[in-house]
Amino acid sequence: MTQLAATAVVTAATRLMRAGQWPAATALLDAAEPADSGEHLALALARAEVATDQDFAQQTDHAPAAIAAAEAAVAGGASPEQAWDFAMLKLRKDYSAVLFGSGTDDGDLRGRAQRLIADAPDDARRGAVAFYAGVMADNVYEQPEEAFAHYTTAYQLGEKAGDDLLMSYALRHLGDHAHTAGDLVLARQHWERSTELRQKVGHLLGALAQQTLLAVLLRDEGDAAGSRALATEVNRWATQVDLKFIVRETAGLMGDRTQQAPQR
């Protein structure tokens with residue numbers, strides 16, 4: 001029997017995760033047999049990432065056990081990049097808990113994000129945590145100017161690193177700031193480009209979230225029928241993949257013309 005390298009398994013699991021197939025991604029990682037401690041660590045980190053991503057998407061709580069297993073693996077010996085990745089995963093999970101009301105924050109998230117920015121080993125990682133610093137500034141600390149600066153940095157670093165997904169995240173939120181300011185033309189430019197980038201990398205949750213915003217924009221542009229039609233189709237997709245917050249947001253757009261743009 002041919003044994004796949006852990007890197008190939010992790011790559012395949014990442015693609016399944018982006019497609020909203022979290023149980024399949026986890027099953028694939030669980031079925032892999034690591035050849036050494038390095039592969040064991042890579043698989044443990046990937047399981048933690050899949051669980052963290054699923055918890056955000058479906059508002060579940062799979063990540064604590066996976067994060068604990070990854071922490072034990074990291075303690076056994078990890079590269080600086082792997083140690084950074086693990087700290088970033090913990091930040092993402094803790095932010096998600098605060099965002100959805102199951103956790104609290106006393107300012108620690110901001111400090112952790114700043115340390116991760118300072119310690120980031122490359123542009124893509126620095127851009128990723130800059131993005132999270134932005135959403136925390138927006139959604140936890142209510143500091144929109146700080147958030148906008150972080151999103152701008154995240155986009156610039158994503159572009160420099162050739163990271164399509166990171167650029168899509170930043171453009172989503174830069175578009176939200178344009179929308180809040182009443183600049184619907186710029187909001188559409190940012191949101192359409194973000195949607196395209198997410199479709200390019202096969203990120204189902206991200207693409208549906210962006211199409212929800214485009215439905216909001218259609219409503220605000222005066223195309224109520226178009227808004228409802230797009231929201232209805234997105235709602236179908238989101239219902240099948242159990243993306244609860246998108247189901248709620250699109251249901252509102254289908255029946256409530258006062259629904260506000262979702263904040264992520």
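Residue indices begin at 1 and follow the sequence shown.
Within a 6.0 Å sphere centred on CZ of Phe148, other residues, nucleotides and ligands contribute 12 heavy atoms or fewer. Taking a 6.0 Å sphere around NZ of Lys244, one finds it holds more than 12 heavy atoms contributed by other residues, nucleotides or ligands.
Side-chain atoms of Gln210 and Gln199, non-hydrogen and from C-beta on, never get closer than 4.5 Å to each other. Taking 4.5 Å as the limit, every side-chain heavy atom of Leu16 sits out of range of all side-chain heavy atoms of Thr26.
Expressed to the nearest 0.5 Å, how far CG of Asp108 lies from CG of Asp94 amounts to 8.0 Å. Residue Lys200 holds its NZ atom at 7.0 Å from CE of Met167, rounded to the nearest 0.5 Å. The structure places CG of Leu208 at 10.0 Å from CG of Asn235, a figure rounded to the nearest 0.5 Å. Taking CD1 of Ile117 as the reference point, atom CZ of Arg112 lies at 13.0 Å (rounded to 0.5 Å). Between Leu43 atom CG and Glu33 atom CD the span is 10.5 Å, to the nearest 0.5 Å. Here the straight-line distance linking atom CZ of Arg228 with atom CG of Asp223 works out to 9.0 Å at 0.5 Å rounding.
In this structure, the side chain of Arg18 does not engage the main chain of Gly202 through any donor-acceptor pair within 3.5 Å. Between the side chain of Thr52 and the backbone N or O of Ala48, at least one donor-acceptor pair lies under 3.5 Å. Here the side chain of Asp55 pairs a donor or acceptor atom with the backbone of Ala63 at under 3.5 angstrom. Side chain of Ser194 to backbone of His190: no donor-acceptor contact under 3.5 angstrom is found. At least one donor-acceptor pair under 3.5 Å links the side chain of Ser227 to the backbone N or O of Ala215.
With 3.5 Å as the limit, one finds no donor-acceptor pair spanning the side chains of Trp84 and Asp119. With 3.5 Å as the limit, one finds a donor-acceptor pair spanning the side chains of Asp138 and Tyr151. Inspection of the Ser168 and Arg198 side chains reveals an N or O donor paired with an N or O acceptor under 3.5 Å.
Phe131 pairs in a ring-ring contact (aromatic ring centres under 6.0 Å, His included) with only one of the listed residues (Tyr155, Tyr169, Tyr95), which is Tyr169. Results of the side-chain contact (heavy atoms from CB on, under 4.5 Å) test with Leu171 over Glu196, Glu192, Arg193 single out Arg193 as the only residue that passes.
Aromatic ring centres of His62 and Trp22 lie farther apart than the 6.0 Å criterion allows.
A pairwise comparison of heavy atoms in Lys93 and Pro64 identifies CE-CD, 4.3 Å as the closest pair. The two residues Ala124 and Asp163 come nearest to each other via the heavy atoms CB-OD2, 4.0 Å. The shortest heavy-atom contact between Ala73 and Ala44 is CB-CB, 4.1 Å. For Ala78 against Ala83, the heavy-atom pair with the smallest separation is CB-N, 4.3 Å.
Residues Leu116 and Phe86 fall into different hydrophobic clusters, defined by Ile, Leu, Val, Met, Phe, Trp and Tyr side chains chained together at heavy-atom separations under 4.5 Å. The hydrophobic cluster containing Leu166 also contains Val135, counting ILVMFWY residues as joined when their side-chain heavy atoms lie under 4.5 angstrom apart, directly or transitively. Side-chain heavy atoms closer than 4.5 Å link hydrophobic residues (I, L, V, M, F, W, Y) into clusters, and following such links, possibly through other members, connects Leu204 to Phe56. Phe100 and Leu89 are members of different hydrophobic clusters when ILVMFWY side chains are connected at heavy-atom separations under 4.5 Å. Both Leu218 and Trp191 are assigned to one and the same hydrophobic cluster, defined by single-linkage of ILVMFWY side chains at heavy-atom distances under 4.5 Å.
Salt bridge annotation for Arg47-Asp30: present, with a cationic side-chain nitrogen under 4.0 angstrom from a carboxylate oxygen. A salt bridge is defined here as a Lys NZ or Arg NE, NH1 or NH2 lying under 4.0 Å from an Asp or Glu carboxylate O, and Glu81 with Arg125 fails to meet this definition.
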